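Here is the structure we will look at, set down as structure tokens.
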There are 2 protein chains.
Amino acid sequence: MRTIPELIEKIHARGGKVTPQRLAIYQALEADTTHPTAEAIYERIRETMPTVSLATVYKTLNELVAIGELRRFDIHGVSHFDPRTDPHAEVVCLGCDVIMDVFSPAAVPAPSIPGFQIVGQTQTFYGYCPNCQNVQQPLD
Amino acid sequence: MRTIPELIEKIHARGGKVTPQRLAIYQALEADTTHPTAEAIYERIRETMPTVSLATVYKTLNELVAIGELRRFDIHGVSHFDPRTDPHAEVVCLGCDVIMDVFSPAAVPAPSIPGFQIVGQTQTFYGYCPNCQNVQQPLD
DNA sequence: GTCGCTGCAAAGGTTTTGCAAGTGG
DNA sequence: CCACTTGCAAAACCTTTGCAGCGAC
């Protein structure tokens, strides 16, 4: 996701409007590395804007995804959002669904897929975080 | 996912039973590189076993995931299943959700995350397939 | 014969949609 | 002012769950 002034300009250029709700959502997303769910963003925004609706949050997030400013992915049936759209690596805990950015050990060249236009990439590692190793060992 | 005879042995070793429904699901999954949804597997199995239920398909798939023989991931709120559990790369079309395995251009070393136990990994590329480039260009 | 599995139906949770009222540019 | 956006509520969807009957071993 780019900076908020740039984002505002981009929204305007597309004929969109920057409402207080949208601005609050942009600010909530900015530099949020926790891969929040729509619900999490909704709760955070409600602290300062109690009348906002979850539907509005979804609509705004989906718009950002559509214009390539936000990445959306699902973990166990729940959507998460990531303002980082550059290549990076993540680890997902199979036990508790926590998602963390990790320092990617290697740059990854884009594959050549004829006719396919690549706009982003992530490297995803699946495993068990320290907490969940105690509870649920992966079975053999 | 390992071969069906090996899978049967593993299920038995865990005290499980290999019913005709399960066997049909194992066979449907074997070497399926299309990253099918539960629904897709259900439809395929119904052709030869019309009385099977979607709940049974889910239960069986979830069991395979739990014992590490199947990978499960969600795209736009729908679960997909992949019998390939080795590290590999995939491309996901942001327009139509089609998922394809791609030949990974480089082996990727696992990152060092203290206390985190890595059990699998994929490299995911996001983009637009030839069909969807005509419909929805990623906006700039 | 036992214990696990199946199939049905209903529940549970997330995300989307329709629409009247509100408001940014 | 016009078009876009909001908020509400309902709908749509996928997935899980409870349970009685069935069947693998």
Side-chain angles (χ1 to χ4, degrees), chain A residues 4-5 7-26 28 35-43 45-46 48-67 70-81 94 97 99 139, chain B residues 4-5 7-26 28 35-43 45-46 48-67 70-81 94 97 99 139:
Chain A
I4 289 182
L7 209 49
I8 291 174
E9 190 179 1
K10 185 168 179 177
I11 295 293
H12 283 163
R14 292 171 40 81
K17 295 173 180 175
V18 178
T19 62
Q21 291 89 339
R22 290 184 170 195
L23 194 56
I25 292 168
Y26 300 161
H35 309 78
T37 61
E39 186 77 29
I41 294 162
Y42 172 60
E43 291 300 340
I45 289 170
R46 273 218 295 187
T48 56
M49 188 181 287
T51 60
V52 76
S53 79
L54 186 54
T56 296
V57 173
Y58 271 108
K59 287 170 187 166
T60 301
L61 294 174
N62 284 341
E63 186 195 39
L64 291 177
V65 171
I67 66 176
L70 194 62
R71 187 170 67 94
R72 175 182 181 161
F73 58 96
D74 300 299
I75 300 287
H76 288 182
V78 181
S79 293
H80 295 250
F81 297 88
L94 297 175
D97 290 349
I99 305 155
L139 311 172
Chain B
I4 290 182
L7 209 50
I8 291 174
E9 190 179 4
K10 186 168 178 177
I11 296 293
H12 283 165
R14 292 170 43 81
K17 295 174 182 176
V18 178
T19 62
Q21 290 89 339
R22 291 185 167 195
L23 192 56
I25 292 168
Y26 300 161
H35 308 78
T37 62
E39 187 77 29
I41 293 162
Y42 172 60
E43 292 299 340
I45 289 171
R46 274 217 296 186
T48 56
M49 190 182 283
T51 59
V52 76
S53 79
L54 186 54
T56 296
V57 173
Y58 272 108
K59 287 170 187 167
T60 301
L61 294 174
N62 284 342
E63 185 194 39
L64 291 177
V65 171
I67 64 175
L70 194 63
R71 188 169 66 94
R72 175 182 181 162
F73 58 95
D74 300 301
I75 300 286
H76 288 183
V78 181
S79 293
H80 295 251
F81 296 88
L94 296 174
D97 291 350
I99 306 154
L139 311 170

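The shown structure was predicted, so the numbers you read here are calculated from the model rather than taken from an experiment. Each chain gets a letter, A, B and so on, in the order its sequence line appears, and its residues count up from 1.
Using a 4.5 Å heavy-atom threshold, the side chains of B:N62 and B:R72 count as touching. The shortest side-chain heavy-atom distance between B:I8 and B:L23 falls under the 4.5 Å cut-off. Within the 4.5 Å cutoff, the side chain of A:Q21 has no heavy atoms near those of the A:I45 side chain.
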Expected rows: protein N/O vs nucleotides 22-24 of chain C N/O, under 3.5 Å:
unit_1 : atom_1 : unit_2 : atom_2 : d
C:dG24 : N2     : A:K17  : NZ     : 2.9
C:dG24 : N3     : A:K17  : NZ     : 3.2

For nucleotides 18-21 of chain C, print each protein N/O atom paired with a nucleotide N/O atom at under 3.5 Å, atom names and distance only.
unit_1 : atom_1 : unit_2 : atom_2 : d
C:dG18 : O6     : A:K59  : NZ     : 3.4

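The main-chain N or O of B:K17 is found under 3.5 Å from a side-chain atom of B:R22 such that the two form a donor-acceptor pair. With hydrogens and angles ignored, the 3.5 Å screen pairs no side-chain donor or acceptor of B:H35 with any backbone N or O of B:H80.
Between B:L61 atom CG and C:dT6 atom P there is a gap of 11 Å when expressed in whole angstrom units. Rounded to an integer number of Å, the gap from CD of A:E63 to C1' of C:dT16 is 16 Å. Between the CE atom of B:M49 and the C1' atom of D:dG23 there is a distance of 13 Å, rounded to whole Å. Between the C1' atom of C:dC5 and the CD1 atom of B:I8 lies a distance of 16 Å, rounded to the nearest Å. Per the geometry, OH belonging to B:Y58 stands 19 Å off P belonging to C:dA11, to the nearest Å. Across the protein-nucleic acid pair, B:I11 atom CD1 and C:dT6 atom P stand 10 Å apart, rounded to whole Å. For A:E39 and C:dG13, the CD to P distance is 12 Å, given to the nearest whole Å. Taking atom CG of A:L23 as the reference point, atom P of D:dT6 lies 12 Å away to the nearest angstrom.
Of the candidate nucleotides C:dC8, D:dG7, C:dC5, D:dG7 has the atom nearest to the side chain of A:V52.
Within the structure, every side-chain polar atom (N or O) of B:N62 is placed at least 4.0 Å from both OP1 and OP2 of D:dT15. Distances shorter than 4.0 Å separate none of the side-chain N or O atoms of A:T60 from OP1 or OP2 on D:dT5. Between B:Q21 and D:dA24 there is no side-chain N or O to OP1 or OP2 distance below 4.0 Å.
Across every non-hydrogen atom of A:E39 and A:L54, the tightest pair is OE1-CD2, 3.8 Å. Heavy-atom minimum distance, B:A24 versus B:M49: CB-CE, 4.2 Å.
To the nearest 0.5 Å, the span separating CG on A:L94 from CD1 on A:I75 amounts to 9.0 Å.
Other residues, nucleotides and ligands contribute over 12 non-hydrogen atoms within 6.0 Å of the CD atom of A:E43.
Using a 4.0 Å cutoff on non-hydrogen atoms, no part of residues 70-80 of chain A comes near DNA chain D.
Among the atoms of the strands shown, none is found under 4.0 Å from any heavy atom of A:T37.
Checking A:L54 against B:G15, the closest nucleotide of DNA chain C that is more toward the 5' end is the one next to B:G15.
Applying the side chain to side chain contact (heavy atoms under 4.5 Å, CB included) test to B:S53 and every residue at least two apart in sequence or in another chain returns B:A55, B:T56. Listed by chain and number, the residues in a side chain to side chain contact (heavy atoms under 4.5 Å, CB included) with B:L7 are B:M1, B:R2, B:Y26, B:L64, B:E69 (sequence neighbours excluded). In terms of the side chain to side chain contact (heavy atoms under 4.5 Å, CB included) criterion, residue partners of A:H76 (sequence neighbours excluded) are, by chain and number, A:D97.
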